[in-house]
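Given the structure is predicted, the values throughout are model-derived calculations rather than measurements.
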Amino acid sequence: MSKIRIGQIGIGHNHAEGKMLCVRKFPELFEVVGYSESDPAWLEKRGGLSAYEGLARLDEDELIAKSDAIIVESDVWNLTRTAQKCIDCGKPIHMDKPASGTLAEYARLLKCAEERKLPVQLGYMYRYNPAILSCIEHIRRGDLGEIYSINAEMSTFHPPEYRQWLRHFPGGIMYILGSHLIDLIVYILGEPESCDAYLHRTGLDGVDVPDLTLAVLSYKKALARVFVSSVEVNGWGRRQFSVAGSRGTVQIMPIERKCAMTYTDTAIATNAYADQKKIVDAPDVPDNIRYDAMMHDFYDFVQGTKQNPFTYAHELRVQKVLTQITGELTL
């Protein structure tokens, strides 16, 4: 098993520290070249984290040249520009999410990567959530029948500082957290026929940003609801992903820490006016291993021993739908 020389550009993304801690756990897979960060504010705030202890800090060009693959963890608004630079240098990328830039700029990135057969992995962690994977397997087997609805929520009660930071993004919290849910919905149902968005501003603590948001994705025979709030007390405990079809329903709530999942179908639910379901023993994902399976997959994608099930076309569709809901985030 050959190691991949890997570097990280940027430490400003909220998941940057976790990704670096993850790859450093697997020295049999990754040789960490170092990291790059030019923003003095991030160096002061996060440069001393244990994730970067003992690592060389290099400029971007040197890091790219010395690495076989790159983890792109810059500020969200720089992700696409930074990733494009890596792709232009022929380097596979793990890119955090959601993408930045106009849809055309992101489409160019994916087109260049596909033409050069360079793996692109987006950091949507729910793709590796065991309960979500179990739900998708039920759908693939036809256990739920024809899918009619998806109800997805991902809320938090964020401090004012975080909500101030959301000003950088069109759609506020919908852009940052809603993208996770849109990713799963598009993977299951494809691109919707239309989208309706409600991007409300509560003004809590004097912060003027879309922090109470709803999107409805309309399909020929299905509706998908995405609700994302940055002002919901115990929003974490109500994070959910529920899929209902002509034969059955899966509900996951909370999605993680602690995960709780139920399953029902027409053989179980024989009384339309009773709550009839079975509890599914879905394993949880502790925070310290949240990215392990993801980065193992990235290793396999780079080595060419595994194909990414989330295609370039899928990644573009996700960003297209997100853009329809929130507007474009320019570079």
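Residue pairs meeting the ring pair (Phe, Tyr, Trp, His ring centres under 6.0 Å) criterion with at least one member in residues 184-209, sequence neighbours excluded, are Tyr187-Phe310, Tyr187-His314. Applying the ring pair (Phe, Tyr, Trp, His ring centres under 6.0 Å) test to pairs two or more places apart or on separate chains, those with a residue in residues 257-289 are His138-Tyr263. Residues in residues 209-224 take part in these salt bridge (charged side-chain N to carboxylate O under 4.0 Å, His left out) pairs, two or more places apart or across chains: Glu146-Lys221. Residue pairs meeting the salt bridge (charged side-chain N to carboxylate O under 4.0 Å, His left out) criterion with at least one member in residues 242-251, sequence neighbours excluded, do not occur.
You'll find the side chain of His158 reaches within 4.5 Å of the side chain of Ile173, heavy atoms only. Using a 4.5 Å cut-off on side-chain heavy atoms (C-beta onward), Asp265 and Asp143 make no contact. His13 places a side-chain heavy atom less than 4.5 Å from the side chain of Val76.
Ring geometry for Tyr175 versus Phe169: interplanar angle under 30°, hence parallel rather than tilted (30 to 60°). Ring orientation note: the planes of Trp165 and Tyr162 are tilted relative to one another, at an angle of 30° to 60°.
Taking Glu62 as the reference, Lys66 meet the salt bridge (charged side-chain N to carboxylate O under 4.0 Å, His left out) condition, with sequence neighbours excluded. Residues satisfying the ring pair (Phe, Tyr, Trp, His ring centres under 6.0 Å) test with Tyr52, not counting sequence neighbours, are Tyr35. Legend: residues meeting salt bridge (charged side-chain N to carboxylate O under 4.0 Å, His left out) with Asp68, ordered by chain and number and at least two apart, are Arg5. Residues passing the ring pair (Phe, Tyr, Trp, His ring centres under 6.0 Å) test with Tyr106: none are found, sequence neighbours excluded. Scanning for salt bridge (charged side-chain N to carboxylate O under 4.0 Å, His left out) contacts around Asp284 gives an empty result, with sequence neighbours left out. Qualifying salt bridge (charged side-chain N to carboxylate O under 4.0 Å, His left out) partners for Glu44, counting only residues two or more places apart in sequence or in other chains: none.
Side chain to side chain, Ser149 and Arg225 fail the donor-acceptor criterion of an N or O pair below 3.5 Å. Remark: the Gln240 side chain and the Asn151 side chain contain an N/O donor-acceptor pair separated by less than 3.5 Å.
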Let me check something: any side-chain donor-acceptor pairs from residues 250-257 under 3.5 Å, sequence neighbours excluded? List them with distances.
{"residue": "Glu256", "atom": "OE1", "partner": "Arg290", "partner atom": "NE", "Å": "3.4"}
{"residue": "Glu256", "atom": "OE2", "partner": "Tyr126", "partner atom": "OH", "Å": "3.4"}
{"residue": "Glu256", "atom": "OE2", "partner": "Arg290", "partner atom": "NH2", "Å": "2.6"}

Could you list the donor-acceptor pairs under 3.5 angstrom formed between side-chain atoms of residues 188-195 and any protein atom two or more places apart in sequence or on another chain?
{"residue": "Glu191", "atom": "OE2", "partner": "Lys320", "partner atom": "NZ", "Å": "2.8"}

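Using a 4.0 Å cut-off between charged side-chain N and carboxylate O, Asp183 and Lys97 make no salt bridge.
The environment of Asp281 atom CG is sparse: at most 12 non-hydrogen atoms of other residues, nucleotides or ligands sit within 6.0 angstrom. Taking a 6.0 Å sphere around NZ of Lys277, one finds it holds 12 or fewer heavy atoms contributed by other residues, nucleotides or ligands.
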**Request:** List the steps, then state whether salt bridge (Lys or Arg N to Asp or Glu O under 4.0 Å) holds for Glu315 with Arg127.
**Result:** CA-CA 13 Å; Glu315 303 295 11; Arg127 294 177 178 182; 2.9 Å; yes
**Message:** One pair to check against side chain to side chain contact (heavy atoms under 4.5 Å, CB included): Ile71 and Met20. What are the steps and the verdict?
**Reply:** CA-CA 9 Å; Ile71 304 171; Met20 180 56 81; 5.6 Å; no
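In the hydrophobic clustering of this structure, Leu214 does not group with Val226; members are Ile, Leu, Val, Met, Phe, Trp, Tyr whose side-chain heavy atoms approach within less than 4.5 Å, directly or through other members.
Heavy-atom minimum distance, Ser179 versus Val318: O-CG1, 4.4 Å.
Between the side chain of Ser36 and the backbone N or O of Ile9 there is no donor-acceptor pair closer than 3.5 Å.
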